[in-house]
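What follows is one structure encoded as structure tokens, with my remarks underneath.
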Amino acid sequence: MSSPAEVCRNPGCDVATSGTCKLGNDPIESCPQYGADTTLEDSDLGPLPGSKSRPIPIVSSEAMHVDEIVAFMRQRKVMSVALISEQKAGKTTLLASIYERYCKGPFAGMSFAGSRTLVGFARRHHKALLSSGGSESEVTRTSRDDPAAFFHLCLKNRQQDLLNLVISDRSGETYGDARTDTDLISRLTELSIATRACVLLDGAKLASKESRPAYARQFKQMMHALNDNGALRHMTHVEVLATKFDVTHSRDDAVAQTEFLGAYEAQLVREFAERGLAISCYRICALPKKDVSVGFKGLEELLERWTTRPVLPSVEPSGIAAAERQLDRYLDRVEKAAT
Ligand SMILES: Nc1nc2c(ncn2[C@@H]2O[C@H](COP(=O)(O)OP(=O)(O)O)[C@@H](O)[C@H]2O)c(=O)[nH]1
Ligand SMILES: [Mg+2]
């Protein structure tokens, strides 16, 4: 089996230490040898009968499964976001919308630099377009038995740094069931590897007088079930994303709707703060089909949030004042000069 530190299948390439691709690929993500799946056994890669060379595995570019994503996360730093919601809140449409932004060029200060899941993105995008036409029957429905699917984007920021973003999507049915069947929560593996939870609040259901009372209650129940069972404890950020803002905005009573949404968000923040969970609330429109004047609201800020690197505490030794050793006096001077 390959060494876990190996990031390129080409034995003559020292990209792991130099950061430069031996074959001249820039960005390095575009090299088919780079980031090779090190979980493959050598026996899987043995020469074909009659051939001396090892076959090169073809990356399918479909959405990744949890074992693939865990192997990928061992190879490089990844920012991971779990999309959480019951059915039809807008998870897949949000994914498709992010993909579409980068098909058109730079967005949110970053440009597309590669993806392990381009075909997966393209499929979701295709479904989202079908769904936007109103023919929901044509949209493939996910089921409770479907595992979580992971989508990867490599983005280059203004400083030319590469950022790996991984977003998970899963059947809303599973999250709906987890509200009452809390044994399911420990099986939501995408939550244990994500550092950011993005819980989608269906703006259309909240805006409808018929569905609002039950939905507002069920949404909180789902959040409590996740929180009380420790699924959100390790997350650095938990955000509630109110979707379909075009629906909220396009109603005759848009002002009252927006006020209700604001009050509900404030209630969530208070209620969970009392239970030790900090929540931030945002609004989004990933597909402005009800009111095009709303546009693609909140997407740019969302990507900026999701790709902001956490500020890590300094681990540099602090200088010793009036130290006897010259080295310590030097460190003290350097520290003072830096502040
Ligand atoms: N008006 C409007 N509809 C949306 C928006 N986002 C998603 N939808 C619709 O909501 C439905 C469910 O969306 P989908 O992404 O499949 O939800 P999922 O089950 O959470 O993945 C689809 O018909 C989408 O077209 C939005 O921002 N505005
Ligand atoms: Mg979906």
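Starting from 1, each residue takes its place in the sequence as its number. If you're wondering where the values come from, they're calculated on a predicted model, not measured in any experiment. As a basis for the values below, the full set of heavy atoms in this structure was taken, side chains included, without hydrogen atoms, waters or symmetry mates. Counting convention: from 1, in listed order, for ligands and their atoms alike.
- Residues E301 and R305 are not paired through a salt bridge, judged by the lack of any N-O separation under 4.0 Å between the basic side chain and the carboxylate.
- Here T92 reaches the Mg ion (ligand 2): one of its N/O/S atoms is less than 2.8 Å from the metal.
- Judged by distance alone, the side chains of Q257 and H249 never bring a donor and an acceptor atom under 3.5 Å apart.
- Looking only at side-chain heavy atoms (C-beta outward), I84 and L226 come within less than 4.5 Å of each other.
- Numbered from 1 in the order shown, with element, the atoms of ligand 1 that lie under 4.0 Å from a heavy atom of T93 read 6 (N), 7 (C), 13 (O), 14 (P), 15 (O), 24 (C).
- An N or O contact shorter than 3.5 Å links L287 to ligand 1 by distance.
- For ligand 1, the atoms sitting less than 4.0 Å from at least one non-hydrogen atom of K91 are 15 (O), 17 (O), 18 (P), 19 (O), 20 (O), 21 (O), numbered in the order shown with element in parentheses.
- Ring planes of Y264 and F260: parallel class, angle under 30° (limits at 30 and 60°).
- In terms of heavy atoms, T248 sits closest to G203 at OG1-O, 4.1 Å.
- Within the 4.0 Å heavy-atom shell around ligand 1 one finds D246.
- Contact between C285 and ligand 1 is present, with at least one heavy atom of the residue lying under 4.0 Å from the ligand.
- No N or O atom of Q87 sits closer than 3.5 Å to an N or O atom of ligand 1.
- Contacts between D169 and ligand 1, counted as non-hydrogen atom pairs separated by less than 4.0 Å, are absent for every part of the residue.
- In this structure a side-chain-to-backbone donor-acceptor pair under 3.5 Å is present from D246 to K289.
- Taking the side chain as every heavy atom from C-beta outward, E86 and M222 approach each other to under 4.5 Å.
- Comparing K244, K88, K127, R124 by heavy-atom distance to atom 19 (O) of ligand 1, the nearest is K88.
- At a 3.5 angstrom cut-off on N or O pairs, L94 does not count as close to ligand 1.
- Annotation for ligand 1: atoms under 4.0 Å from non-hydrogen atoms of T92 are 15 (O), 21 (O).
- Where the criterion is an N or O separation shorter than 3.5 Å, residue side chain and backbone included, I284 fails it with respect to ligand 1.
- Within ligand 1, counting atoms from 1 as listed, the ones closer than 4.0 Å to a heavy atom of V247 are 1 (N).
- Using a 4.5 Å heavy-atom cutoff, the side chains of L163 and M110 are in contact.
- The six-membered or imidazole ring of H152 lies away from that of F121, with a centre-to-centre distance of 6.0 Å or more.
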